[in-house]
Amino acid sequence: IQRFKLQGEDFRGERYANHSHELKGNNDILVITRPDVIEDIHMQYLNGGADIIETNTFNGTTISQADYELQDPDEVFLINKSAAELAKKATAAYMAAHPGELKFVAGAVGPTNKTLSVSPSVENPAMRGITYDEVVDAYYGQLQGLYAGGVDLFLVETIFDTLNAKAAVYALEKFFADMGVRIPVFISGTIVDNSGRTLSGQTNEAFWNSISHAKPMAVGLNCALGATDMKKYIANLSACADCFVFCYPNAGLPNAMGGYDQKGHEMAEEIRPFCEENLVNAIGGCCGSTPEHIAAVAAMASAYPPRPLHSVEPLMRISGLEPLNYQPNAADMRSTFLNLGERCNVAGSIMFKKAVINNDYDTALSIALKQVQQGAHVLDINMDDGLIDGVAAMTKFVNLCIADPEISRVPFMIDSSKFHIVEAGLKCAQGKCIVNSISLKEGEAKFKEQATIVKNHGASVVVMAFDETGQAAGCDDKVSMCCRAYRILVEEVGFNPQDIIFDPNILTVGTGMAEHNNYAVDFIQATSEIK
């Protein structure tokens, strides 16, 4: 677009001639005001050898368009629909002129200009500039326009904050359910520097654990770094992901003026090791990559076979800033015992409870930090108390924990008997959490509803041995209730079996009452049978 040296009137066109706000630089609206320019660019990339072109909708949400006072949902829908139609027109024209070749349009879903995991205020780390629900709604509106315009797939890209990506995935799942359709999804993260982490602090394997519930056709990395610096992170992603893997790096690093000096053949040579080592299934270019760059990359890559798909070991894979892939050692279970820190549970620590009631979150955070430092693998957070506003307390405390890199490196267990409080916690955590808990107590319909929400947030789940008849006491009841829940979760909801954790209820032991005498034995036997 920059090569066309467009002026203010190009961005206004007829539709926005009298718009109140400056529009120059709002590249997305060029699909309406200068469609000839965008179509020309699409054709250049197609002629250069691109198999997939993106819609010109990187900022096509109500959130990003608010910078130009174009956040009206109808305007945003028009931008996305027009962009998709324009890209599809280009691919149709190319395929008509080149019979036998297939070209596809990816609906570009950018990260927005807001972050859900980082506070805009140094003084208030619990503050957020936008809510999770607002981001979901913005993405949903964009998806509607892109799908109406006929995109072949959705590309959630340039993810610097995994919670934004999880909101996009949540919007996708809602969109697919509402529309009764499902098209391929690609997800692309961004490593901001040689620390190998996103801007919000996650490693790329933790990022994969957080978004793998979307079951994307492909996952990858783009932007920020040149190919050479990105290679080791793509190698790591290629090893842990069981789907296709792609990469579209920048044309090297920017110069002092913000431009890119790397030539097409130079970029192709930097990318060649990705192909030689079978790390990727698709390769492309981000910032600074012109049609000439794509042509050079396509010519180079054509000589190599794509990365073969591989399976990954079936494990429970959760995450904070870092991944936790739980691999029990059957020969020595004690050596792989997971330590769950329960002192950030108002029922598990009177000190924590008093701190929350008194709004003393510095003390509450110190309790969380101490547990992590003393070896907690997962941090349980529970705010269920009559004197506490559970949603507000859960939201504030999880946001504060996210802001502390030492605390947030471990996964969280979002713990509440009130499901709306569970949801509040899930909407704050970029990592893959564990939900504690759901059960069949209120019947199958409610169980499936809650399980679907948990799955769409990408969390693992604790399932209690509890159904419409009450809490399971005997061994047979514990096993049958857990079997029933497992079948519903896996066969009807589509849960990953590794994300299911059963709580067979240990109940009261040693009371002296005859009816309680076998509770401990029943628990042990049921646990063995369930495993």
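Reckoned from all heavy atoms, side chains included, excluding hydrogens, waters and symmetry mates.
- Looking only at distances, a side-chain donor or acceptor of His377 sits under 3.5 Å from a matching main-chain atom of Asn339.
- Inspection of the Gln498 and Tyr326 side chains reveals no N or O donor paired with an N or O acceptor under 3.5 Å.
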Any chance you could lay out the side-chain contact (heavy atoms from CB on, under 4.5 Å) test for Ile402 and Ile407, step after step, and finish with the verdict?
CA-CA 7 Å; Ile402 293 293; Ile407 297 172; over 6 Å; no
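- Using modelled atom types, one side-chain atom of Asn281 and one backbone atom of Val245 make a donor-acceptor pair closer than 3.5 Å.
- A donor atom on one side chain and an acceptor atom on the other are found under 3.5 Å apart for Glu75 and Tyr16.
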**Study point:** Residue pair Thr62, Val76: steps toward the side-chain contact (heavy atoms from CB on, under 4.5 Å) verdict
**Key:** CA-CA 6 Å; Thr62 52; Val76 172; 3.8 Å; yes
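- A donor-acceptor pair is defined here as one N or O able to donate and one able to accept, closer than 3.5 Å; such a pair exists between the side chain of Arg128 and the backbone of Pro125.
- In the displayed structure, Glu276 atom CD is contacted under 6.0 Å by more than 12 heavy atoms of other residues, nucleotides or ligands.
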Can you list the steps and then say if Asp67 with Asn26 is a side-chain hydrogen bond (donor to acceptor under 3.5 Å, both in side chains)?
CA-CA 9 Å; Asp67 286 352; Asn26 185 3; over 6 Å; no
Begin from the C-alpha positions of Tyr139 and Asn164 and carry the test side-chain hydrogen bond (donor to acceptor under 3.5 Å, both in side chains) through to its verdict. CA-CA 10 Å; Tyr139 278 135; Asn164 285 44; 4.6 Å; no
- Query: Passes side-chain hydrogen bond (donor to acceptor under 3.5 Å, both in side chains), Ser210 versus Gln430? Steps please.
  - Reply: CA-CA 7 Å; Ser210 296; Gln430 66 172 326; over 6 Å; no
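- Taking the side chain as every heavy atom from C-beta outward, Pro308 and Asn278 approach each other to under 4.5 Å.
- The two residues Lys432 and Pro411 come nearest to each other via the heavy atoms O-CB, 3.9 Å.
- Taking the six-membered ring wherever Trp is involved, the centroid distance between the rings of Phe11 and His19 does not fall below 6.0 Å.
- Side-chain atoms of Phe4 and Asp10, non-hydrogen and from C-beta on, never get closer than 4.5 Å to each other.
- At a cut-off of 3.5 Å, with distance as the only test, no side-chain donor of Asn222 or Asn250 sits close to an acceptor on the other residue.
- Val280 has its side chain out of reach of Phe246: every pair of non-hydrogen atoms, C-beta onward, lies at least 4.5 Å apart.
- With hydrogens and angles disregarded, a donor-acceptor distance shorter than 3.5 Å links the side chain of Asn255 to the backbone of Gly258.
- Shortest non-hydrogen contact noted between Gly226 and Leu253 is N-CD2, 3.9 Å.
- Looking at Ser195 and Asp193, their side chains do bring a donor and an acceptor atom within 3.5 Å of each other.
- The six-membered or imidazole ring of Phe186 lies away from that of Phe154, with a centre-to-centre distance of 6.0 Å or more.
- For the pair Trp208 (side chain) and Cys240 (backbone), a donor-acceptor distance under 3.5 Å is present.
- When atom types are taken as modelled, the side chain of Asn56 and the backbone of Asn27 share a donor-acceptor pair closer than 3.5 angstrom.
- A side-chain donor-acceptor contact under 3.5 Å links Arg307 to the backbone of Ser238.
- A donor-acceptor contact shorter than 3.5 Å links the side chain of Asn399 to the backbone of Ala126.
- Between the side chains of Tyr68 and Glu22, no donor-acceptor pair is found at a separation under 3.5 Å.
- If you check the side chains of Glu292 and Thr290, you find a donor sitting under 3.5 Å from an acceptor.
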side-chain hydrogen bond (donor to acceptor under 3.5 Å, both in side chains) between Asp161 and Thr115, intermediate numbers included: CA-CA 6 Å; Asp161 180 348; Thr115 171; 2.5 Å; yes
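- Annotation for Gly288 and Ala251: closest pair O-CB, 3.5 Å, computed over non-hydrogen atoms.
- A 6.0 Å sphere centred on CD of Gln373 holds more than 12 heavy atoms belonging to other residues, nucleotides or ligands.
- With 3.5 Å as the limit, one finds no donor-acceptor pair spanning the side chains of Gln202 and Glu322.
- Counting heavy atoms from C-beta outward, Asp229 and Asn194 have side chains that approach closer than 4.5 Å.
- With hydrogens and angles ignored, the 3.5 Å screen pairs a side-chain donor or acceptor of Asn47 with a backbone N or O of Met43.
- Residues Val312 and Arg317 form a side-chain contact, since some pair of their non-hydrogen atoms from C-beta on lies under 4.5 Å apart.
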Taking it one step at a time, do Val169 and Ile187 satisfy side-chain contact (heavy atoms from CB on, under 4.5 Å)? CA-CA 9 Å; Val169 170; Ile187 300 179; 4.0 Å; yes
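- The shortest distance between side-chain heavy atoms of Val156 and Ile159 falls below 4.5 Å.
- Nearest heavy-atom pair across Tyr94 and Leu46 is CE1-O, 3.6 Å.
- Looking at Ser82, its side chain never comes within 3.5 Å of a backbone N or O of Ile79 through a donor-acceptor pair.
- Within 6.0 Å of atom CZ in Phe160, more than 12 heavy atoms from other residues, nucleotides or ligands are found, so the atom counts as buried in its surroundings.
- Looking at Ser119 and Ser121, their side chains never bring a donor and an acceptor atom within 3.5 Å of each other.
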- prompt: Please walk me through it: do Phe274 and Tyr304 pass side-chain contact (heavy atoms from CB on, under 4.5 Å)?
  reply: CA-CA 10 Å; Phe274 290 63; Tyr304 296 93; over 6 Å; no
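- Taking the six-membered ring for Trp and thresholds of 30 and 60 degrees, Tyr132 and His457 have ring planes inclined between 30 and 60 degrees apart.
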Working note: Tyr260 + His293, criterion ring-ring contact (aromatic ring centres under 6.0 Å, His included); need CA distance, chi angles, decisive distance, verdict. CA-CA 11 Å; Tyr260 291 83; His293 288 78; 8.9 Å; no
